[in-house]
Amino acid sequence: MLTIYNTLTRKKEKFQPIDAGKVRMYVCGLTTYDYAHIGHARMLVAFDVIQRYLRYSGLDVEYVRNITDIDDKILKRASENGEYFADLTERFIAATHEDEASLFIQRPDQEPRATAHIADIVAMIERLVEQDYAYRAENGDVYFSVKQFKNYGHLSNKNVEELLAGARIDIGELKRDPRDFALWKSASDEDVGWDSPWGYGRPGWHIECSAMSTCCLGDTFDIHGGGSDLMFPHHENEIAQSEAATGQSFARYWMHNGPVRVDNEKMSKSLGNFFTIRDVLKKYPAEVIRYLLVSSHYRSPINYSDQGLDQAAAALGRLYTALRDHDVTSAKDLANSRFEKAFQAAMDDDFNTPEAMSALFDLARECNRVAKSGEADAEQRAAQLARLLVRLGGVLGLLQGDAETFLQSGSADAGIDADAIDALVAQRRQARADKNWALADEIRDKLTAMDVVVEDGADGSRWRIERHGSDK
RNA sequence: GGCUGGAUGGCAGAGUGGUCAUGCAGCGGACUGCAACUCCGUUAACGCCGGUUCGAUUCCGACUCCAGCCUCCA
């Protein structure tokens with residue numbers, strides 16, 4: 001039985017979809033004016049794993065993740081670059097899709113863009129205005145009236161009165177109440193914008209998610225996700241807008257992934273302490289990054305460091321080592337093994353990936369043990385275990401590559417010369433055949449200097465790369 | 001200040017009222033020309049102070065420290 005930690009109640013709850021067997025999930029995606037960083041990757045991977053596990057569990061998933069392709073930061077950046085905003089966003093949407101593919105993140109079922117839903121946004125604002133939940137200011141801005149919505153602050157546990165005390169009151173304020181937030185921002189004719197009943201302008205940030213989620217999934221749906229930093233005010237505002245507009249309850253389960261930290265501070269654009277996905281891909285294989293992101297529980301903060309990536313590489317290497325030499329594709333697919341049960345139990349407990357991973361390591365050990373047991377059907381059984389390892393790894397988006405390829409891969413920039421390494425290994429094999437141990441050791445030292453580890457087996461030697469990202 | 005969440009062995013990171021997390025590292029052994037890989041065994045932890053309990057790292061309370069949100073942010 002799947003349980004999910006619901007931010008709304010601050011408790012783990014039994015997951016019961018609105019329609020049996022079907023899950024509708026909306027996740028707040030990226031604002032596309034720059035390359036995605038590891039903090040974004042964390043969100044993308046977390047919900048990718050969730051989505052994969054829901055499907056693995058036999059549920060029919062409709063996964064929607066939006067793209068914010070119009071907002072102040074986009075316009076500012078486009079203006080700085082001297083380019084049309086849509087050229088900027090198209091470029092970074094394409095770049096982000098590349099990064100997602102690198103990290104084995106599956107595409108959502110729908111990926112709505114704000115600019116393609118202006119009519120839905122306007123329609124929702126109209127409903128809010130009609131019901132007095134929103135009002136037009138003198139300059140054409142439209143604001144949501146927070147005090148009109150009784151449940152405001154429920155998700156983030158904010159006291160509306162205290163918000164008022166702390167709110168900034170700008171000079172020349174157009175809002176009736178400082179807590180109110182913009183649904184529609186007026187724009188001058190030369191700015192990017194769309195016509196609306198309140199004049200030329202563009203949508204506020206929060207309303208797009210209300211409009212797109214409702215549009216794609218209905219007034220009420222199962223799961224709404226996003227980074228924990230979006231809880232307030234973004235998600236709080238979404239709830240207010242959506243429930244005010246539709247009169248229906250909005251999302252049932254709210255899920256928030258934890259931040260990525262660098263030196264104990266949140267990685268963020270404003271702090272400037274971020275590493276883009278592409279930066280890190282130059283130093284480490286994509287799967288290592290993904291492993292790092294899955295090796296902590298999705299709600300916990302995760303620290304980003306080269307040391308962490310090195311450890312992730314070592315751990316992943318262990319799993320891939322177990323897969324070597326086994327004919328996975330033709331092996332029988334094991335069902336209902338104790339390993340899979342342990343994996344499921346962990347994942348059913350609010351997607352506890354670290355614990356699920358421990359089941360994978362137990363499985364890898366068993367696979368190694370069986371393989372060298374010397375029993376008659378050892379290889380066959382080991383291959384079955386390996387196949388299971390690949391299948392369960394796949395639920396986490398891991399272990400889908402060729403084992404030898406992974407073990408012999410470095411970073412994109414490592415410049416590994418496999419031919420040269422093979423040549424040295426061949427020389428060493430001859431030296432060993434000649435029992436020239438001095439020469440064999442000398443060649444091994446050379447390989448070690450190249451970050452290559454040789455492993456001598458009964459039927460020849462092979463090699464793998466030992467990664468030391470922090471040394472470079 | 002308000003609201004969240006956290007403090008676990010050398011590092012990372014789960015979890016549990018009394019018995020194994022797991023990975024890396026360490027130690028002993030098997031294997032190996034020596035190693036590596038692998039296997040077997042093994043060391044080691046639960047911020048601080050009280051309380052509940054036969055027994056708490058796990059429940060409750062205080063304290064200290066850390067982080068996130070309260071302003072754009074995954």
Side-chain angles (χ1 to χ4, degrees), chain A residues 7 10 27-31 36-47 65 68 71-73 76 153 155-159 161-163 165-168 205 225-234 236 256-261 264-271 274 291-292 295-297 299-303 305 307-319 321-322 324 342 346 349 352-362 364-373 407 432 435-438 440-441 444-445 447-448 452-458 461-464 466:
Chain A
T7 307
R10 314 263 167 199
V27 172
C28 291
L30 303 184
T31 302
H37 60 62
I38 295 298
H40 299 128
R42 155 85 127 161
M43 174 276 290
L44 294 165
V45 168
F47 287 101
R65 191 185 61 225
T68 298
D71 95 320
D72 290 353
K73 295 185 296 300
K76 180 165 178 283
L155 174 70
S156 55
N157 239 320
K158 300 288 183 197
N159 180 307
E161 298 310 313
E162 285 172 5
L163 281 174
R168 295 175 181 182
W205 174 41
S228 52
D229 46 1
L230 297 185
M231 220 166 90
F232 186 88
H234 184 58
E236 198 70 69
H256 292 95
N257 64 276
V260 173
R261 294 180 187 169
N264 220 23
E265 276 193 321
K266 190 180 82 160
M267 181 183 290
S268 77
K269 291 217 175 119
S270 48
L271 288 171
F274 62 91
Y291 183 96
L292 177 71
S295 64
S296 300
H297 184 83
R299 283 190 280 119
S300 304
I302 185 166
N303 201 54
S305 68
Q307 190 201 4
L309 284 160
D310 287 344
Q311 290 198 2
L316 192 52
R318 176 170 169 77
L319 294 177
T321 300
R324 290 194 295 197
D349 183 12
N352 192 333
T353 50
E355 196 174 313
M357 217 106 76
S358 78
L360 299 190
F361 283 103
D362 289 343
R365 172 173 293 106
E366 182 65 9
C367 182
N368 289 329
R369 184 161 30 204
V370 168
K372 62 171 280 186
S373 68
L407 293 166
R432 293 184 71 232
K435 300 213 186 299
N436 185 347
W437 309 127
D441 290 350
R444 185 165 61 199
D445 289 344
L447 289 164
T448 303
V452 173
V453 177
V454 239
E455 295 171 14
D456 299 331
S461 300
R462 60 179 155 199
W463 58 274
R464 65 189 165 83
E466 180 101 317

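Computed from heavy atoms alone, side chains included, the values below leave out hydrogens, waters and symmetry copies.
- Taking for each of Glu455(A) and His37(A) the nucleotide of RNA chain B with the nearest heavy atom, the 5'-most of the two is the partner of Glu455(A).
- Residue Val454(A) is classed as a base contact, given a heavy-atom separation below 4.0 Å to a base.
- Out of G68(B), C66(B), A21(B), the shortest distance to the side chain of Ser358(A) is found at A21(B).
- For Asp456(A), the side-chain atoms get nearest to A35(B) when compared with the rest of C73(B), A35(B), G15(B).
- Using a 4.0 Å cut-off, some side-chain N or O of Arg365(A) falls inside it from OP1 or OP2 of C40(B).
- For the OP1/OP2 pair of A74(B) and a distance below 4.0 Å, the side-chain nitrogens and oxygens of Asn257(A) include no atom meeting the criterion.
- Spacing between A62(B) and G26(B) at atom C1', rounded to whole Å, works out to 39 Å.
- Within 4.0 Å (heavy atoms only), Val27(A) reaches no atom of the nucleic acid at all.
- Looking only at atom types and distance, the side chain of Arg261(A) has a donor-acceptor partner in the side chain of Asn264(A) under 3.5 Å away.
- Here C3(B) is the nucleotide among C3(B), C70(B), G15(B) with the atom lying nearest to any side-chain atom of Asn157(A).
- Comparing atom distances between the His297(A) side chain and each of A14(B), C39(B), G2(B) picks out A14(B) as nearest.
- Between Ala438(A) and Gly39(A), the one whose closest nucleotide on RNA chain B sits nearer the 5' end is Ala438(A).
- As judged by a 4.0 angstrom heavy-atom cut-off over every strand, Gly29(A) is placed among residues touching the sugar-phosphate backbone only.
- The side chain of Arg318(A) places an N or O atom within less than 4.0 Å of a non-bridging phosphate oxygen (OP1 or OP2) of U38(B).
- The C1' atoms of C63(B) and C20(B) are separated by 34 Å, rounded to the nearest whole Å.
- OP1 or OP2 of C73(B) lies within a sub-4.0 Å distance of a side-chain N or O belonging to Trp205(A).
- Not one side-chain nitrogen or oxygen of Lys372(A) sits closer than 4.0 Å to the OP1 or OP2 atom of A30(B).
- Comparing C70(B), C73(B), A14(B) against the side chain of Asp229(A) picks out C73(B) as the nearest.
- Counting non-hydrogen atoms under 4.0 angstrom, Lys269(A) reaches nothing in the nucleic acid.
- With both ends at atom P, the span from G18(B) to G5(B) equals 24 Å, rounded to whole Å.
- Checking G5(B), G68(B), C39(B) against the side-chain heavy atoms of Ser228(A) singles out G68(B) as nearest.
- Side-chain contact annotation: Ser461(A) with Asp456(A), donor-acceptor N/O pair under 3.5 Å present.
- Between Arg464(A) and C37(B) there is a side-chain polar atom (N or O) within less than 4.0 angstrom of OP1 or OP2.
- Using atom P as the reference point in both U8(B) and C66(B), the two lie 14 Å apart (nearest Å).
- The side chain of Asn159(A) contributes no N or O atom lying less than 4.0 Å from OP1 or OP2 of G2(B).
- Rounded to a whole angstrom, the distance from the P atom of U19(B) to that of G61(B) is 25 Å.
- Taking the C1' atom of each, A12(B) and A7(B) are spaced 15 Å apart, rounded to whole Å.
- With C1' as the reference atom, G50(B) and C70(B) are 33 Å apart, rounded to whole Å.
- The residue Asp441(A) sits close to a base: some heavy atom pair falls under 4.0 Å.
- In this structure, Ser268(A) reaches the bases: a heavy-atom distance under 4.0 Å links it to at least one base atom across the strands shown.
- Out of G33(B), C73(B), U4(B), the shortest distance to the side chain of Leu230(A) is found at C73(B).
- Of the residues Leu309(A), Val45(A), Val260(A), the one that meets the side-chain contact (heavy atoms from CB on, under 4.5 Å) test with Leu292(A) is Leu309(A).
- Spacing of P atoms, C11(B) relative to A45(B), comes out at 13 Å, to the nearest Å.
- Atoms OG and NE2, on Ser156(A) and His234(A) in that order, are 13.0 Å from each other to the nearest 0.5 Å.
- At a cut-off of 3.5 angstrom, the base of C11(B) holds at least one donor-acceptor pair with the side chain of Gln311(A).
- For Ser296(A), counting side-chain heavy atoms from C-beta on, the closest listed nucleotide (A67(B), A35(B), A14(B)) is A14(B).
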